[in-house]
Amino acid sequence: MALAADSPAPAADTAAPLLEVEGVTLQYKTRQHLVTATYRVDFRVYRGDRFILLGPSGCGKSSLLKGVGGFLKPVEGSIRLNGRAIERPGPDRMMVFQEFDQLLPWKTVKQNVMFPMLASRRCSAREAAERAMAYIAKVGLEKFCDIYPHMLSGGMKQRVAIARAMAMEPAILLMDEPFASLDALTRRKMQDELLLLWEDIRFTMLFVTHSIEEAIIVGNRILVLSPHPGQVKAEINSDRSPDGAASLQRRIRRMLFAEEVEAAGASP
Amino acid sequence: MSAGRAALLPPSRPEFERETLDARNIGEIERPLSLLERLGNIAALRRLLLLVLLAAVWQAYASWLDNPLIFPTFADTVAALVKGVASGELVARTVTSIKVLVMGYAAGVAAAALLTGFAVSTRIGTDLLTTLTAMFNPLPAIALLPLGLLWFGLGNPSLIFVLIHSVLWAVSLNTFSGFLAVSQTLRMAGHNYGLRGLRYVARILVPAALPAILTGLKVGWAFAWRTLIAAELVFGVSSGSGGLGWFIYENKNELETANVFAGLFTVIMIGLVVESVVFRAVENGTVRKWGMQQ
């Protein structure tokens with residue numbers, strides 16, 4: 001699979017970043033604590049990027065995604081999409097969640113894909129139906145378009161969720177560990193399918209994962225975050241060549257686990 | 001040490017690969033169930049059988065007791081029922097009751113919708129709902145009847161007043177707990193599409209909480225039905241012809257025990273029909289079809 005984004009794209013408007021995250025500190029409240037999820041995080045996503053937020057649990061990667069989604073307001077710093085600050089959730093940033101229950105159980109596959117287009121009043125019913133079928137075909141689920149979600153397997157549900165998000169043709173696709181609940185074989189297959197879709201449509205996505213392997217397979221650019229609170233550790237280009245991937249994997253692993261080793265070594 | 005380790009090594013075995021057989025040649029993979037097995041799987045049939053059995057026990061006991069004044073036989077009750085239906089009296093009474101019931105039920109459900117809508121959108125609304133349900137849910141509706149009679153006089157309005165009370169709290173409580181149980185993912189998905197306010201409640205929360213809402217509607221229905229019959233027993237006639245409760249009361253006074261049983265029988269049958277036909281149909285068309293309820 002040749003991925004063109006690994007070489008610079010020729011389009012002119014790729015020069016300006018699509019998403020700018022600057023000095024973002026995110027906090028959320030639990031019942032007893034105020035938790036700082038990320039501290040002064042910066043990164044920029046350009047059009048056509050498959051941008052990965054990678055880090056161990058507690059590094060605030062999901063919080064960052066929620067921040068971009070508009071579900072969490074930064075206490076410091078700014079998040080801008082196309083130069084405009086993000087105020088609230090909106091259909092220009094479609095989210096794909098890890099959980100299978102993100103599909104509406106009372107709607108068929110086709111109705112699920114149509115729903116955001118109709119709910120956001122972006123399309124007429126006819127147009128929504130056409131677009132829904134086109135994207136359902138892209139994820140290979142034409143045969144299942146009139147079936148309710150509870151009859152689908154986990155992988156199929158995630159495909160529907162991806163089709164639903166893509167059918168909106170959002171400025172950026174936000175993926176919160178979409179394959180984490182799948183079995184290893186299905187996950188591997190879905191990663192390849194996602195890359196094929198990207199080859200086909202060239203969408204921009206921000207992809208959260210805790211798997212170094214997945215980050216290298218799916219992404220073209222990887223933001224490595226350290227935990228408690230999340231801070232930027234590195235931003236690196238992915239390398240999918242077998243040797244490159246292996247050394248990159250070792251490099252990231254060293255980056256993420258160096259602190260633990262040091263801490264363990266320091267303690268008497 | 002190394003000798004001990006070596007002894008623990010599993011034996012080395014040759015590898016192999018195989019062609020799998022064509023499944024068609026293996027023989028029986030699935031076969032249809034027998035007629036008896038399939039009939040046994042029909043819930044309606046099993047329940048019908050149970051009802052027939054109960055009727056037989058009733059008939060046997062009443063025949064043995066042989067005291068139609070205290071306990072008429074099943075056959076007598078059915079005869080009284082047929083007579084009541086044929087003369088039109090029982091039908092008219094039933095229609096009167098159901099009319100009032102539907103009005104009260106609809107008003108109660110509408111009030112519950114308002115209350116839960118308010119509760120789900122504001123925090124003070126939540127407090128109001130929890131406080132009101134905690135106060136009024138344990139209060140039997142029939143206990144409010146004297147007050148209803150005082151405020152609205154003898155007639156349908158006071159009946160509807162107690163009916164609203166019997167429906168409102170059960171439906172509100174269930175609907176609201178259904179709303180609270182809607183998963184965070186679905187909520188975020190709804191907000192992601194730009195849904196807010198009433199559209200969000202109507203298009204995400206209500207369908208997602210439908211199993212709980214249906215439970216509330218069922219409980220509310222049962223409460224309303226028994227409240228109505230009880231209220232009619234207490235003060236009976238409103239606007240000329242009384243309802244089923246009054247029918248039962250009248251016939252008790254005239255010692256027409258078979259008619260009393262026929263009246264009770266009608267109450268039970270309507271309850272059964274609504275539960276196992278109306279609500280079941282709604283469930284089959286919604287929550288069961290969507291896999292939200294088994």
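These numbers were taken from a predicted model, which means no experiment stands behind them. By convention in this document, chain letters (A, B, ...) are assigned in the order of the sequence lines, proteins followed by strands, and residues within each chain are numbered from 1.
- Contact detail for A:L103 and B:L186: the closest heavy-atom pair is O-CD2, 3.8 Å.
- Within a 6.0 Å sphere centred on CG of B:L198, heavy atoms belonging to other residues, nucleotides or ligands number 12 at most.
- Atom CD1 of B:I124 sits in a sparse spot, with 12 or fewer heavy atoms from other residues, nucleotides or ligands closer than 6.0 Å.
- Counting heavy-atom neighbours within 6.0 Å of B:L36 CG, excluding the residue itself, gives a total of 12 or less.
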Output the donor-acceptor atom pairs between chain B and chain A under 3.5 Å, with atom names and distances to 0.1 Å.
unit_1	atom_1	unit_2	atom_2	d
B:S183	OG	A:D101	OD2	3.0
B:T185	OG1	A:D101	OD1	3.4
B:N192	OD1	A:M95	N	2.7
B:N192	ND2	A:G90	O	3.2
B:N192	ND2	A:R93	O	2.8
B:Y193	OH	A:R164	NE	2.9
B:Y193	OH	A:R164	NH1	3.1
B:Y193	OH	A:R164	NH2	3.0
B:R199	NH1	A:A119	O	3.3
B:R199	NH2	A:A119	O	2.8
B:K289	O	A:H150	NE2	3.0
B:K289	NZ	A:Y148	OH	3.4

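- For the set A:G70, A:G69, A:P89, the entry with the most heavy-atom pairs within less than 4.5 Å of chain B is A:P89.
- Of the atoms belonging to B:L210, not a single heavy atom falls under 4.5 Å from chain A.
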